[in-house]
Chemist: 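If you scroll down you'll find the structure; I have some questions about it.
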There are 2 protein chains.
Amino acid sequence: MSSATASDPASGPASDAMASEPLRAPGPADPDRTARARIRDAAITRFAADGVAATSVRAIAEEAGVSPPLVMHHFGSKDRLRVACDQHVAALVREQKHAAMAAGGGLDPLAAMRAYEGGPPLLGYLARTLIDGSPHVAELVDEMVADAVGYMAEGEAAGILMPTEDPEGRAAVLTLWSLGALVLGEHAKRLLGVDLTGDPAHSMRYFLPALEIMGRGIIAPEAYEQISASFHDAQEDGT
Amino acid sequence: MSSATASDPASGPASDAMASEPLRAPGPADPDRTARARIRDAAITRFAADGVAATSVRAIAEEAGVSPPLVMHHFGSKDRLRVACDQHVAALVREQKHAAMAAGGGLDPLAAMRAYEGGPPLLGYLARTLIDGSPHVAELVDEMVADAVGYMAEGEAAGILMPTEDPEGRAAVLTLWSLGALVLGEHAKRLLGVDLTGDPAHSMRYFLPALEIMGRGIIAPEAYEQISASFHDAQEDGT
DNA sequence: GCGGTGGCTGAACTCATGTTCAGTAGTCTG
DNA sequence: CAGACTACTGAACATGAGTTCAGCCACCGC
């Protein structure tokens with residue numbers, strides 16, 4: 001799944017119009033790209049690198065090569081810029097996801113985005129913004145879980161995946177784990193020497209144990225039966 | 001704080017001296033508790049609730065019932081206060097961990113801390129500070145992984161856990177997943193209706209799927225053999 | 001009693017931030 | 001060419017942040 005979708009440049013430029021306002025006339029030709037787009041991408045890059053709160057409008061303006069007031073001119077406020085970034089990233093992620101669907105997606109809901117290159121750092125942005133409560137990102141997570149439920153139902157029908165009592169719960173837990181490891185990228189790097197936002201082929205120290213756990217679990221069968229029974233008992237008491 | 005120090009009064013007061021400076025003389029008796037300790041705990045509480053960057057010294061002072069300059073008087077700067085919080089939380093976590101060791105720890109490295117009540121919100125603080133690079137918290141994570149390696153070796157010897165090629169890698173991945181889900185607590189709540197910083201008995205919607213995955217995995221045996229082989233091939237190319 | 005020491009505070013300082021304002025340059029419309 | 005509109009900027013404003021200052025007040029050794 002890693003080397004698969006390396007090349008799909010077709011849908012790249014379309015993203016701008018898709019993600020933000022009604023396609024403000026391309027106007028004054030474009031020597032490079034629209035200042036608005038440069039600002040947005042600069043913001044995504046800086047937000048991904050330093051976090052939203054720690055990034056100043058001035059830093060974004062500098063990275064985009066414009067003056068701070070122009071940021072306000074185009075987006076009104078830092079908050080609205082942030083919303084625009086959320087929406088743009090969400091649009092790009094959906095695009096990557098749908099592109100990957102055609103190529104037959106794998107188990108990892110993030111696989112498609114890891115291959116993405118050349119644009120703003122989607123995974124880095126997600127890793128940062130997953131934790132400070134954006135409705136758009138939350139929506140994206142919900143979609144990922146829903147997608148995972150779908151994929152896993154197919155996998156189960158095809159005999160590749162094991163059945164489960166609680167498909168939504170299982171999908172949610174797996175998604176939380178994937179995204180959680182992404183958010184803790186700094187610790188993953190320190191502990192395992194891998195960069196989860198990069199090429200999976202260089203992150204086998206993470207993916208091999210993960211696959212092993214997904215494949216045969218970590219608990220011996222007899223012990224599992226026992227623990228499972230006691231957990232199910234506990235469930236009847238609490239929620 | 002309500003039920004007082006009923007459980008373990010011995011180590012309670014000691015933690016102050018342990019976590020911070022050379023035990024500044026208990027001085028003017030203590031009508032309640034030392035202002036210094038109140039400030040530190042207030043900071044931990046606010047950091048846990050709102051994040052470090054979003055918490056002002058004034059907010060901490062208000063929560064502790066003191067004036068902002070007193071915070072500076074005791075800790076010198078917000079940064080040094082934050083370090084003191086890191087160290088104090090690290091000390092409390094180690095304390096809880098060691099206490100839980102005696103009682104025979106379980107699979108979940110966070111289990112001990114979930115039971116902790118009456119003090120500052122350890123898990124909430126961890127969930128917030130895991131992502132903004134504190135050396136003390138990183139150290140704590142390293143210790144958790146090392147502990148997990150130890151526990152899992154014992155479990156393996158006892159026939160409860162499956163053996164693995166890469167014990168450190170497996171322990172690191174499981175720790176990353178546990179902590180990652182904790183950090184994404186907001187999403188866990190929305191998706192599953194659970195509070196991972198609270199009582200596990202009310203979080204079965206998370207723990208049951210997690211146990212199932214840990215127990216028998218999610219991939220059917222034949223498919224697993226196949227994928228595993230291709231992953232091991234891929235490993236020979238990249239890192 | 002008395003000077004001093006340390007916990008503690010109200011007010012003020014400095015700085016960075018998000019944001020606004022007034023104005024310029026270039027281009028399109030009539 | 002007049003007018004208008006849009007992209008864009010330098011300078012300034014307002015606010016909230018971390019931090020500092022000078023002094024109060026209770027206690028303690030002399």
Side-chain angles (χ1 to χ4, degrees), chain A residues 16-17 20-44 46-47 49-86 128 132 134, chain B residues 16-17 20-44 46-47 49-86 128 132 134:
Chain A
D16 190 4
S20 31
E21 276 97 85
L23 180 57
R24 162 174 264 90
D30 43 352
D32 225 337
R33 280 159 72 228
T34 270
R36 186 186 164 85
R38 282 206 323 270
I39 293 170
R40 195 215 320 104
D41 286 1
I44 293 173
R46 302 291 312 198
F47 286 164
D50 305 328
V52 176
T55 299
S56 71
V57 171
R58 284 167 177 81
I60 296 168
E62 189 180 4
E63 173 125 358
V66 300
S67 66
L70 190 62
V71 176
M72 314 309 294
H73 176 67
H74 280 297
F75 294 94
S77 72
K78 186 187 178 183
D79 248 13
R80 287 212 283 275
L81 168 59
R82 193 249 153 100
V83 170
C85 290
D86 281 351
R128 283 287 187 176
D132 42 29
S134 146
Chain B
D16 189 7
S20 31
E21 276 98 86
L23 178 58
R24 164 175 261 91
D30 45 351
D32 225 337
R33 279 160 71 228
T34 268
R36 185 186 166 85
R38 284 207 321 271
I39 293 172
R40 195 216 318 106
D41 287 1
I44 293 173
R46 303 291 313 197
F47 287 163
D50 305 329
V52 176
T55 299
S56 70
V57 170
R58 283 167 176 82
I60 296 169
E62 190 180 4
E63 172 123 1
V66 301
S67 66
L70 191 61
V71 176
M72 314 309 295
H73 177 68
H74 280 298
F75 294 93
S77 72
K78 185 187 179 184
D79 247 13
R80 286 210 284 275
L81 168 59
R82 191 251 154 101
V83 170
C85 290
D86 281 351
R128 284 286 187 176
D132 43 29
S134 144

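Lettering of chains follows the sequences in order, A, B, ..., and the numbering in each one begins at 1.
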Chemist: Take atom CE of A/M72 and atom P of C/dT19, then tell me their distance rounded to the nearest Å.
Modeler: 4 Å
Chemist: Between protein and nucleotides 9-16 of chain C, map the contacts as a letter string: B base, S sugar-phosphate only, - none, heavy atoms under 4.0 Å, written 5' to 3'.
Modeler: BBBB----
Chemist: Any idea which heavy atoms bring A/A35 and A/H74 closest together, and the distance?
Modeler: CB-NE2, 4.5 Å
Chemist: To the nearest Å, how far apart are A/R80 CZ and C/dT20 C1'?
Modeler: 14 Å
Chemist: Take atom CD of A/E62 and atom P of C/dG18, then tell me their distance rounded to the nearest Å.
Modeler: 14 Å
Chemist: Quick one: which residue pairs count as a salt bridge (charged side-chain N to carboxylate O under 4.0 Å, His left out) with a foot in residues 71-86 of chain B, not counting sequence neighbours?
Modeler: B/R82-B/D86, B/R82-B/D132
Chemist: Check for a donor-acceptor pair, side chain of A/S56 on one end and backbone N or O of A/A59 on the other, with a separation under 3.5 Å.
Modeler: yes
Chemist: Using whole Å, report how far NE2 of B/H74 lies from C1' of C/dG7.
Modeler: 6 Å
Chemist: With salt bridge (charged side-chain N to carboxylate O under 4.0 Å, His left out) as the rule and sequence neighbours excluded, what pairs involving residues 49-71 of chain B come up?
Modeler: B/R46-B/D50, B/R46-B/E63
Chemist: Evaluate the side-chain proximity of B/F75 to B/V83: yes if any heavy-atom separation is below 4.5 Å, no if none is.
Modeler: no
Chemist: Within this structure, what is the CD1-to-P distance between A/I39 and D/dA7, rounded to whole angstrom?
Modeler: 11 Å
Chemist: Would you mind reading off the distance between A/I60 atom CD1 and C/dT19 atom P, rounded to a whole angstrom?
Modeler: 11 Å
Chemist: So does A/R38 get a backbone contact from the side chain of A/R33, meaning a donor-acceptor N/O pair under 3.5 Å?
Modeler: no
